[in-house]
Amino acid sequence: QVQLVESGGGLVQPGGSLRLSCDASGSIFSINLMGWHRQAPGKQRELVATMSGGGTTNYVDSVKGRFTISRDNAKNTAYLQMNNLKPEDTAVYYCNAVIMDRRRVWSTYWGQGTQVTVSS
């Protein structure tokens with residue numbers, strides 16, 4: 001099986017920074033897209049940022065210029081650098097990835113989520 005494990009969440013003051021990490025492990029053959037979504041209480045889960053296997057990125061408008069997604073393909077790891085955080089960024093952040101396992105079956109996987117709280 002394949003698992004995604006997030007780390008790096010926590011409490012930060014407005015204007016501060018955090019870096020989230022997502023480590024993929026298990027029976028991985030290859031990874032296509034990796035990305036981050038978030039969900040605030042009472043709101044729909046929304047896409048935050050994605051990066052394709054070829055390096056193409058996509059961001060929701062509200063985080064453009066503040067968040068940066070990156071990948072270390074050799075480590076099967078994705079990162080989300082979050083700068084100039086705002087209270088409205090408070091949410092549970094989920095890593096996701098489209099992965100072919102060693103059975104050569106494509107699936108979309110999700111991490112358990114990590115809480116990011118922006119508050120003074």
Side-chain angles (χ1 to χ4, degrees):
Q1 274 294 333
V2 173
Q3 290 184 303
L4 303 180
V5 179
E6 299 118 326
S7 62
L11 175 64
V12 65
Q13 296 184 43
S17 297
L18 287 173
R19 189 181 74 162
L20 306 183
S21 298
C22 173
D23 296 321
S25 62
S27 299
I28 297 170
F29 184 82
S30 65
I31 301 178
N32 191 341
L33 182 144
M34 298 190 78
W36 295 90
H37 292 68
R38 67 186 181 187
Q39 188 166 25
K43 292 190 174 182
Q44 186 178 0
R45 186 176 298 188
E46 68 171 347
L47 180 147
V48 177
T50 62
M51 179 176 283
S52 72
T56 301
T57 59
N58 179 248
Y59 298 92
V60 67
D61 286 345
S62 60
V63 309
K64 288 180 178 177
R66 300 189 297 120
F67 291 9
T68 303
I69 187 171
S70 60
R71 292 170 62 168
D72 185 337
N73 291 326
K75 296 171 62 177
N76 292 331
T77 300
Y79 304 93
L80 185 67
Q81 180 65 47
M82 310 165 68
N83 296 326
N84 192 24
L85 283 160
K86 304 177 183 298
E88 52 263 41
D89 295 318
T90 296
V92 178
Y93 284 71
Y94 298 90
C95 177
N96 79 291
V98 179
I99 295 173
M100 177 181 283
D101 65 22
R102 291 172 184 170
R103 303 172 300 169
R104 301 184 67 183
V105 175
W106 285 105
S107 299
T108 299
Y109 296 89
W110 292 86
Q112 292 296 307
T114 185
Q115 177 71 46
V116 172
T117 302
V118 184
S119 176
S120 59

Exercise. Hey, what do you get for OG (Ser25) to NZ (Lys75), rounding to the nearest 0.5 Å?
Worked result: 13.0 Å
Seminar exercise, completed: Separation between OG (Ser21) and CD (Gln81), nearest 0.5 Å, reads 9.5 Å
For this session: Using the rule that two of Ile, Leu, Val, Met, Phe, Trp, Tyr join whenever any of their side-chain heavy atoms come within less than 4.5 Å, decide whether Leu80 and Leu18 are in one cluster.
Result: yes
For this session: Give the C-alpha distance, both sets of side-chain angles, the deciding distance and a yes or no for salt bridge (charged side-chain N to carboxylate O under 4.0 Å, His left out) between Asp89 and Lys86.
Result: CA-CA 5 Å; Asp89 295 318; Lys86 304 177 183 298; over 6 Å; no
Exercise. If every non-hydrogen atom of Arg38 is compared with every non-hydrogen atom of Ala91, which pair is closest and at what distance?
Worked result: CB-CB, 3.8 Å
For this session: Might you confirm whether atom CD of Gln3 has over 12 heavy atoms from other residues, nucleotides or ligands at distances under 6.0 Å?
Result: no
Problem set entry | Rounded distance [0.5 Å steps], CD in Gln44 versus CD in Gln39 | 8.0 Å
Exercise. Is the shortest heavy-atom distance from the side chain of Ser107 to the side chain of Val105 under 4.5 Å?
Worked result: yes
Problem set entry | Between OG on residue Ser52 and CD1 on residue Ile31, distance to nearest 0.5 Å | 13.0 Å
For this session: Identify whether Trp106 and Phe29 are in the same connected component of the hydrophobic contact network (ILVMFWY, side-chain heavy atoms under 4.5 Å).
Result: yes
For this session: Would you check if the side chain of Glu6 reaches a backbone N or O of Gly113 as a donor-acceptor pair within less than 3.5 Å?
Result: yes
Problem set entry | Shared hydrophobic cluster for Met34 and Tyr79 (ILVMFWY, side-chain gaps under 4.5 Å) | no
For this session: Tell me, with the steps shown, if Leu85 and Phe67 meet side chain to side chain contact (heavy atoms under 4.5 Å, CB included).
Result: CA-CA 9 Å; Leu85 283 160; Phe67 291 9; 3.8 Å; yes
For this session: Taking the side chain as every heavy atom from C-beta outward, state whether Ile99 and Asn76 have any pair of such atoms under 4.5 Å apart.
Result: no
Problem set entry | Note, Val12 side chain near Met82 side chain (heavy atom, < 4.5 Å) | no
For this session: Look only at the side chain of Thr114 and the backbone of Tyr93, and say whether a donor-acceptor pair between them is shorter than 3.5 Å.
Result: no
Exercise. Do Arg66 side-chain atoms and Asn84 backbone N/O form a donor-acceptor pair below 3.5 Å?
Worked result: yes
Exercise. Is there a path of hydrophobic side-chain contacts, each under 4.5 Å between heavy atoms of I, L, V, M, F, W or Y residues, that connects Leu33 with Tyr109?
Worked result: no
Exercise. Does Glu88 CD have over 12 foreign heavy atoms under 6.0 Å away?
Worked result: yes
For this session: Determine the minimum heavy-atom distance between His37 and Leu47, stating which atoms define it.
Result: CD2-CA, 3.3 Å
Seminar exercise, completed: Taking every heavy atom of Ala78 against every heavy atom of Trp36, the minimum-distance pair comes out as O-CZ2, 3.9 Å
For this session: Look up atom CG in Asn58 and atom NZ in Lys64, then write down how far apart they are to the nearest 0.5 Å.
Result: 7.0 Å
For this session: Following the transitive rule for hydrophobic clusters with a side-chain heavy-atom cut-off under 4.5 Å over Ile, Leu, Val, Met, Phe, Trp and Tyr, establish whether Tyr59 and Leu20 coincide in one cluster.
Result: yes
Exercise. For the atom pair CD (Gln115) and OG1 (Thr90), what is the distance rounded to the nearest 0.5 Å?
Worked result: 7.0 Å
